[in-house]
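Structure first, commentary second.
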Amino acid sequence: MPGRYSRWHSDVAVSRSLRESIIRAPALPGVYSFLNKDGTVLYIGKAKNLINRLKGHLSNTGDARHELLLEKSVSVEWTITRTEVEALVLEAELIRIRKPPLNVRLRTSGRYPYLEITVDETYPRLLITRERSNPKERPRFGPYPDSRNLRKLVEFLLDTCPLRRCTGTEPKSAARSCLMGQMGRCPAPCIGGMNPDEYRENVQEVLRILRGDWDRAKNRLEQMMQSASQDMEYEEAGRFRDLLSRLGSFGWPAPESIKDRINRDVAAVKENWGVIMRVRGGRFTCVVRIPFDGRWKLATLSERLSVLLKSYYSQTGDIPREIIVQEMPDDESSLIEWLSSKRNSSVGITVPKRGGNRELLELAQKNLDQFLVRLSWKYPSGGKEKVEAALESLADIFSLEEPPVWIICLDASTIQGSWPVAAIVSFRDGYPDKSGYRRFSMPDEISRNDPAMIASAVKRYLSSLEDEYPDIFLIDGGITQLRAAVSAAGEVWSERIRFVSIAKREELLLCGISEREIRLPMDSTPLTFLRSVRDEAHRFVLHYHQQKRSRGSLRSVLDDIPGIGSATRIRLLTHFGSADRIAAATIEEIMEIPGIGRRRAIQINDHFKRENKSR
């Protein structure tokens, strides 16, 4: 074949090396990767028959993404698997690890927790985890977007079917139980408070409830309440009554057209968002919304549905009997086989045309439609939607793989070189995290040098970090402050953390080492959010500066009073809090301070009177 390139459909240039590597592919199931001239993986896919699938890429260019793939690729690599299901699992794992630019992925940040039961332990525990991997293949349920509701669920389960609450793989033997055991909220296996058979039955009951057997849990509690009432144990009967009430508070009833108790999930996709609505035991138990990354427009609806199902169910063991979708996803047969193997029983994927299941699908689509309306950049309604919209937007603006979980902002303050300070505020999941606020007192030699104060605060703050670090480090200032922060952070931290400065008036954003300029509409949600973070840092540092200035001026006034030592100055400061309050105090009020008699109180009072006359 003459020349380096051969022209295929849509006049796409396909390299000879790519065609030659495709021809060598085997007729076996496996996973393949398209590579460019630098060896970077551009796209990862799977196939039941590798050579047929790869030839299909050449013979049908399809869309713009496909054409770009053929233009940029120079070779193909593949890994052979035993079955198509193994190829599906390997494909999902390789996409997660390598993050190829032409694959559409979900932004599965670790913000949603799961419930996990440690069945590999003698006395299993119920754990909340955010770990994506599950190497011990423990039963896992979730994700749970509402962490407050999750904590209520955990407390209900542990009150209904007590399991140990202590840490460690095995309970430590002890002479007496812990406080939870003494309160009757732990079965106390450490002192033999419950035999292993009873404990295992509690574990199974927790598993049944999490799998959606609400009716069994309700019947069990009703029987226990009646039994306690008959035995005239009214306090215990009242406890079971309260548990029944709490059980009814989880989730909400499915439409009346759903007559059965089949566990099912409803999956829908629109634009760059996917939604999963969980129905367990005839009740909606959760709604999970997950965004796609910035390349979602390159994928068809069926491909996005396939990505949603593969990504979602790879992280959880809560596989329902039936999954309702808008249209059949790509790789339907292999998806069904993989889900059935994870569930150890058959799983169906259906596209309902009428009846109760159709009503469920329309409900999920309506839920997603309303969510997208609220998530509009310029017109989000509630505070929670605004925050979520802002974080999603910031991920796109700053080229982050996931929405930022931890954002901090630094500001410095001084007045003509006096009382120089800096402060950092911390935001987690879009909300202030007061435990992460930090204050820094600056040395006088850099008090008139704002970039130097920024650099000093950055160094001191980063040196205190251990395993976790922020996603975005916001600096109040312009290019000079940004350069000072990046220089103080060094190369390693500058690669890990996205440093961004926000200048006043123009509200211009400067990003990272490249100092890329970003201008956003003044009424856009992401800029409004960043300004609120900056304003909180400004408020916090000014408050600290005022505190320090007030204490400094108070000490300077008290220093001028003859016969007043440091201990008395501290007692005056602690008691009154400011110079103005001391000046307004009577002699009797000053005498209330331990160690200050009438003579010294008169001396202090006269001093402030003279100060007021001289002003």
Any heavy-atom pair between the side chains of [Y] and [X] that's under 4.5 Å?
X      : Y      : answer
Met522 : Glu507 : yes
Tyr114 : Asp318 : no
Leu102 : Lys72  : no
Arg278 : Pro143 : yes
Val287 : Arg289 : yes
Leu88  : Lys310 : yes
Ile407 : Leu394 : yes
Val458 : Trp493 : no

Run the salt bridge (Lys or Arg N to Asp or Glu O under 4.0 Å) check on Arg96 and Glu93 step by step: do they pass?
CA-CA 5 Å; Arg96 185 184 68 82; Glu93 184 65 14; 2.6 Å; yes
Taking the side chain from [X] and the backbone from [Y], do they hold a donor-acceptor pair closer than 3.5 Å?
X      : Y      : value
Asp331 : Leu335 : no
Ser532 : Phe529 : yes
Thr525 : Ala390 : no
Asn36  : Asp38  : yes
Arg439 : Phe540 : no
Asp433 : Ser426 : no
Ser456 : Ala452 : no

Check [X] against [Y] and note the closest heavy-atom contact, atom names and distance.
X      : Y      : result
Ala267 : Leu309 : CB-CD2, 4.0 Å
Cys409 : Arg534 : SG-CA, 3.8 Å
Ser33  : Leu35  : O-CD1, 3.2 Å
Ala488 : Ala455 : CB-O, 3.5 Å
Ile582 : Leu572 : CD1-CB, 4.0 Å
Arg460 : Ser441 : NH1-O, 3.2 Å

Quick one: ring-ring contact (aromatic ring centres under 6.0 Å, His included) partners of Phe499, sequence neighbours excluded?
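Listed in chain order: Phe473.
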Say you draw a straight line from [atom1] of [X] to [atom2] of [Y]; how long is it, rounded to the nearest 0.5 Å?
X      : Y      : atom1 : atom2 : value
Arg304 : Ser302 : CZ    : OG    : 9.0 Å
Leu508 : Leu520 : CG    : CG    : 9.5 Å
Leu510 : Leu482 : CG    : CG    : 6.0 Å
Gln370 : Lys366 : CD    : NZ    : 8.5 Å
Asp411 : Arg539 : CG    : CZ    : 12.0 Å
Glu71  : Leu42  : CD    : CG    : 11.5 Å

Distance-only side-chain donor-acceptor flag, Tyr32 / His57, under 3.5 Å
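Their side chains do contain a donor-acceptor pair, which is all the 3.5 Å distance test asks for.
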Pairs flagged by side-chain hydrogen bond (donor to acceptor under 3.5 Å, both in side chains) wherever residues 508-521 is involved - sequence neighbours left out
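Pairs touching residues 508-521 that pass the test: Arg483-Glu515.
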Pairs flagged by side-chain hydrogen bond (donor to acceptor under 3.5 Å, both in side chains) wherever residues 468-481 is involved - sequence neighbours left out
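Found Arg428-Glu468, Asp450-Gln481, Asp476-Lys504.
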If you apply the rule side-chain contact (heavy atoms from CB on, under 4.5 Å), what do you find for Ile128 with Tyr144, and how did you get there?
CA-CA 10 Å; Ile128 297 176; Tyr144 295 91; over 6 Å; no
Any chance you could lay out the side-chain contact (heavy atoms from CB on, under 4.5 Å) test for Val500 and Ile475, step after step, and finish with the verdict?
CA-CA 6 Å; Val500 179; Ile475 308 294; over 6 Å; no
Checking side-chain contact (heavy atoms from CB on, under 4.5 Å) between Val275 and each of Ile290, Val288, Leu368, which is the one that passes?
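Exactly one pass, corresponding to Leu368.
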Worked verdict on Leu90 versus Lys46 for side-chain contact (heavy atoms from CB on, under 4.5 Å)
CA-CA 8 Å; Leu90 179 60; Lys46 68 151 191 68; over 6 Å; no
Report the C-alpha separation of Tyr312 and Asp265 in whole Å, then their side-chain angles, then the decisive distance to 0.1 Å, and conclude whether the side-chain hydrogen bond (donor to acceptor under 3.5 Å, both in side chains) test is met.
CA-CA 11 Å; Tyr312 179 82; Asp265 285 347; 4.8 Å; no
Step by step, would you call Leu153 with Leu210 a side-chain contact (heavy atoms from CB on, under 4.5 Å)?
CA-CA 10 Å; Leu153 176 61; Leu210 289 174; 4.2 Å; yes
